[in-house]
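In what follows, a structure is listed as structure tokens, so that the remarks can point back to it.
Residue numbers start from 1 in every chain, and the chains themselves are labelled A, B, ... in the order their sequence lines are given, proteins ahead of strands.
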Amino acid sequence: MAEEDYKGIWIFAEQQNGVLNPVTLELLAKAQELKAHNGEDIYAILLGSDVKALAPTLIAHGADKVIVAEDAALASYSARPYQQAMTQLAEKYKPSIILYGATSLGRDFAPRVMVSLKTGLTADAIDLGYDEDDVFYQTTPAYGGSILAHIVILECRPQMATVRPKMFVPLEADESRKGEIITETVSVDAEDSYEVLDVTQKISDHEPIDKASLLVCGGRGIKSEEDLKMLGELAELLGGQVAASRPIVDNGWLPHEEQIGQSGATVKPDHIINIAISGSVQYQVGMQNSKCIISINHTAGVPIFDISHYGAVADYRSLVPAIIEEIKKRK
Amino acid sequence: MKILVFVKQVPDTDDVKLDPKTGNLKREGVQSMINPLDANAIEAAVQLKEKYGGTVAAISMGPPQAEDMLKKALALGCDEAYLLSDRAFGGADTLATAYTLAKAAEKIGDYDLLLFGRHAVDGDTAQTGPATAAYLNVPQITLATSIDVQDGWVICDRNLEDCTQRVKAKLPALVTVCGEINTPRYPTPINIMKALKKPRTVWDAAALEADTARTGIPGSPSSTKKVFEPEKRNTDTKYFEGSAEDMAVQFVDMLANEHLV
């Protein structure tokens, strides 16, 4: 079959316990751009058991069609039944593109579909689009993030990618949007060789950093663990939270959950205050969509200033206490 | 118990530069090392062997120089090493790599557990492990932070975005491990000496009976169309000026404008 016979932009609708992962709606939004270019319909692929009720939400957020495949063996995620279901659907409909969120589930699942469909899968893309030659590309940071690459899948279909969460903004829900819900039957084997024994929700004394509206972040230039208290005090005064770039976490000063960047979380708070962070590409990938970027660094010209709305070339050890003092004075 | 642990040789740097003329990576002077998370996978395999008995084989696909890394894997406690090396394997994406690794696992045969690091620091795809599991049609556990084996099942904790899970998979199974799982040991001089006597095997495509249309560049659906240094996104930056106290006043004025104080 020729490449042009494959049609449809598919978004894997990741859900667990009937709750959609937000990355699904982000991908539906990005899919509108791809559709504007290639004119193909946008499909959301909903696998599970008793999940049909999520279909209208997917349509309201931009899906033209929702394929629902329900089976008891798909009730909770395990790799092989999901692999079987997606493979059968893709072989029947022959989409040109399948996108998955680059979540722990998506990255567990998508490589198995790659093998059964014998196609390409780009990992952890941060952007997608069509280039000057009309080729669909996925952008990924390569070699630790100092270089970006355009990955293409020229001859195989579907062209697949896992896409990093929080890169795109979901569309506002439009309940009047029309879409088609297609029910499909898949033939999957119950997985008797894999079992989830126990799940413990992570409990934290504060909200996760990707939900905070203001972050105060420390980086490589922070001289001691003690100095993080200063960052904590500033964050508290402004109703925000402390986060960090990788060196702070590598030093063991903060847990991995509070790391921003390519190997950590992607955040887009209303305000982010970067303290002693030079702004490697790996870090920028994780925070560049923040609304207002404010940076303090003692070296002029470091990359973080290129993306900052406000900057102070100063030693944080004198400036941050002065800011704390000034805030207290005005309260 | 027969454990296969898959290891990759990676550049010992995260600061790779492009040759401005060719667009290729500058590799001169860059040392290579064992992928750090693969060292965790070796340590997990050796600890299981020490606890329950059995053998550990280290497998790597790479150029002939990867022998040195495999010698290190042997010094860390693996019993034998396999290097999959052939010009026909070069330039492989994760689909072609997983195909080649799965062919080696099948040729070795009778494996109980396959271990991978959760990702390689150079590519960071985290796809080769699950894809190899798919080729071998075995269950997988990704992102393991602990591992044990009981009654023919491998039991792991997994660290996910909003929860931790305890899961089990029936052997044979494939597990990818996170750095938290253990601290890799250092090779002792005695073990480095012993390693030299351990069996090392090199297999090419013919030895693996691999279809070379499915290895290397011909077997790779994805390719890199271009690499580029990231565009500088120049935002109009408003700088605060003066002494620390002056800057602090301007800084807090800005916070007030943003309704933060």
Response to the item:
Turns out that what part of B:M254 lies under 4.5 Å from chain A's heavy atoms comes down to side chain
Practice prompt. Spell out the residues in residues 236-246 of chain B that have some non-hydrogen atom less than 4.5 Å away from a non-hydrogen atom of chain A, in order of number; otherwise answer 'none'.
Written response: B:D236, B:T237, B:K238, B:Y239, B:F240, B:A244
Fill in: Pair A:T103, B:E161: side-chain N/O donor-acceptor within cut-off below 3.5 Å
no
Worksheet entry | Salt bridge A:D192-B:K170, side-chain N to carboxylate O under 4.0 Å | no
Worksheet entry | Any residue of residues 90-99 of chain B which, by heavy atoms, sits under 4.5 Å from chain A | B:T94, B:L95
Response to the item:
Sequence neighbours excluded, the answer for ring pair (Phe, Tyr, Trp, His ring centres under 6.0 Å) partners of A:Y77 is A:Y82
Discussion item. Just by distance, no angles: are the side chains of A:R80 and B:Q140 close enough, under 3.5 Å, to form a donor-acceptor pair?
Written reply: no
Listed pairs under 3.5 Å, donor-acceptor, residues 152-160 of chain B side chains, sequence neighbours left out:
{"from": "B:D157", "atom 1": "OD1", "to": "B:R166", "atom 2": "NH1", "distance (Å)": "3.0"}
{"from": "B:D157", "atom 1": "OD2", "to": "B:S146", "atom 2": "OG", "distance (Å)": "2.8"}
{"from": "B:D157", "atom 1": "OD2", "to": "B:R166", "atom 2": "NH1", "distance (Å)": "3.0"}
{"from": "B:R158", "atom 1": "NE", "to": "B:T142", "atom 2": "O", "distance (Å)": "2.8"}
{"from": "B:R158", "atom 1": "NH1", "to": "B:Q165", "atom 2": "OE1", "distance (Å)": "3.0"}
{"from": "B:R158", "atom 1": "NH2", "to": "B:T142", "atom 2": "OG1", "distance (Å)": "2.8"}
{"from": "B:N159", "atom 1": "OD1", "to": "A:K202", "atom 2": "NZ", "distance (Å)": "2.6"}

Discussion item. Using only atom types and a distance under 3.5 Å, with no angle test, would you say the side chain of A:R112 pairs donor to acceptor with the backbone of B:N137?
Written reply: no
Discussion item. So which residue, A:I153, A:V313, A:I323, A:D270, ends up with the most heavy-atom pairs under 4.5 Å with chain B?
Written reply: A:I323
Worksheet item: Does A:E155 use its side chain to pair, donor to acceptor, with the backbone of B:P221 at less than 3.5 Å?
Response: no
Discussion item. Could you check whether atom CG of A:N17 has more than 12 heavy atoms from other residues, nucleotides or ligands sitting under 6.0 Å from it?
Written reply: no
